[in-house]
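Right, one structure below, let's go through it.
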Amino acid sequence: MSQTIAATAATERAPLTFTVTPSTHARSAAEREAILADPGFGKNFTDHMVTIDWTLDEGWHDARVTAYGPLMLDPASSVLHYAQEIFEGLKAYRHADGSIWTFRPEKNAERMQRSARRLALPELPARDFIESIKQIVAVDGDWVPSAPETSLYLRPFMIANETFLGVRAAHKVGYYVIASPAGAYFHGGVAPVKIWLAADYSRAGRGGTGAAKCGGNYAASLLPQMEANENGCAQVLFLDGETGTRIDELGGMNVFFVHGTDTLVTPRLTGSILEGVTRDSIMQLARDRGMTVEEREVTLDEWRDGVASGAITEVFACGTAAVVTPIAQLKGKDLEIGDADAPAGEITMAIRQELTDIQYGRRPDRHGWLTRLDAPESRA
Ligand SMILES: *Cc1c(COP(=O)(O)O)cnc(C)c1O
């Protein structure tokens, strides 16, 4: 009860103001350029980070930008024991004129609020979420690379950091944003992947946390992901936990089926599927092209029969990190659907091109999806 009151009060108060304490050990321009020449994914981090504290009594407070560095956590911090944690993932893109933009950040802000509700964490107001992104880009904008298909990956996350081993929603929480330069996901062109059917494992169940972006879902996906890798597959596909017949999604990406040349089908949101921003954007772009978009139940049988009959012409996965990944084949114990050597589908690649063109400012942003991050007025 008292937690609800605090959360309500938090949404009604004035926007947070951020204090900025520049790092005293920021990398030199030469060191940064060396990293940006081949950043990989998720292994290099910028010079600063954002922190915002929350307590039950005070709500959100003490928003700050400081040097990037380790967190001090008491070993009894609740997140370390009960996994009360959520995260987001979005990117900052450099356009040809040098300006820096991000894609539909309000969607990530709203999703983080939904994830927070499910994990009994406090909701960060959307304007504070978006401001936290602007703040890190304001200090670390030079870390946004400019080579094709590169970006600065932004990782907001929230953890329960109360020192308490009792099992209940924490009364002390931290929100952070870190940033990591990301190279092109596919080197030498977009390559179709094989994916593995996790027959013995589920990532989510009815009433579970499948629709929340929380670390626990990923922990549950790692063992089947290892099985996928052992079988030569890049990613793991999960069926619904109840019947084991319906397609849910991959470990960290949503999935789409092209039927013929004019219909796009994706599993409807059932509560066990994560609602991707990329998924939503692709449905819009497909409708704009005059395609019919269906969000509905898709069974494994439909996939097998559809590929066999030729009704299903292309399959792809999508998410912020890789944008769109063509799926050549689904493999499992005693199962192979599709041709492992199939080239990327035409519609898959056209949608991928259109989406990245919008993100990188090469095509008009007709849906108002871009938010500028480096405009002077955003530097509070
Ligand atoms: C983040 C995520 C996605 C993709 O979401 P985007 O907003 O498109 O990046 C899909 N599935 C899972 C399980 C995820 O965690």
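It should be emphasised that the depicted structure is a prediction, and the values quoted were computed from it without experimental measurement. Ligands are counted one by one from 1 in listed order, and the atoms in each one are counted from 1 as well.
- Of the inter-residue distances, the one linking Ile358 atom CD1 with Arg366 atom CZ reads 5.0 Å to the nearest 0.5 angstrom.
- Relative orientation of the Phe45 and Tyr68 rings is parallel, given thresholds of 30° and 60° on the angle between their planes.
- Using bins of under 30°, 30° to 60° and over 60° for the plane-to-plane angle, the ring pair Tyr93/Tyr360 lands in the perpendicular bin.
- The single protein non-hydrogen atom nearest to atom 11 (N) of ligand 1 is Glu249 OE1, 2.6 Å, given as residue, atom name and distance.
- Checked against a 3.5 angstrom limit, the closest N/O atoms of Tyr218 and ligand 1 fall inside it.
- Per-residue contacts place Asn254 under 4.0 angstrom from the following atoms of ligand 1 (heavy atoms of the residue considered): 10 (C).
- Remark: ligand 1 and Arg111 share an N or O pair separated by less than 3.5 Å (distance only, no angle test).
- For atom 9 (O) of ligand 1, the nearest protein heavy atom (residue, atom name, distance) is Thr320 OG1, 2.6 Å.
- By the 30° and 60° cut-offs, the orientation of the rings of Trp303 relative to Phe257 is perpendicular.
- For Phe41 and Tyr153, the distance between ring centers is under 6.0 angstrom.
- Rounding to the nearest 0.5 Å places OG1 of Thr299 at 10.0 Å from CG of Leu239.
- Within ligand 1, the atoms closer than 4.0 Å to a non-hydrogen atom of Gly251 are 13 (C), numbered from 1 in the order shown.
- Below 3.5 Å of separation, one finds no N or O of Cys318 facing any N or O of ligand 1.
- A distance of 13.0 Å separates CZ of Arg64 from OG of Ser132, quoted to the nearest 0.5 Å.
- Remark: distances from the non-hydrogen atoms of Gly210 to ligand 1 are all 4.0 Å or more.
- You'll find the ring centres of His95 and Trp101 inside the 6.0 Å limit.
- Of all protein heavy atoms, the one closest to atom 3 (C) of ligand 1 is Gly252 O, 3.3 Å.
- Taking only nitrogen or oxygen atoms, main chain and side chain alike, Lys213 reaches within less than 3.5 Å of ligand 1.
- Checking Lys91, Arg203, Arg279, Met253 against atom 13 (C) of ligand 1, the nearest heavy atom belongs to Arg203.
- Note that CZ of Arg352 and CG of Asp357 are 10.5 Å apart. Values are rounded to the nearest 0.5 Å.
- For atom 8 (O) of ligand 1, the nearest protein heavy atom (residue, atom name, distance) is Thr278 OG1, 2.6 Å.
- In terms of protein heavy-atom proximity, atom 5 (O) of ligand 1 is nearest to Gly276 CA, 3.4 Å.
- In terms of polar-atom proximity, defined here as any N/O pair under 3.5 Å, Glu275 makes no such contact with ligand 1.
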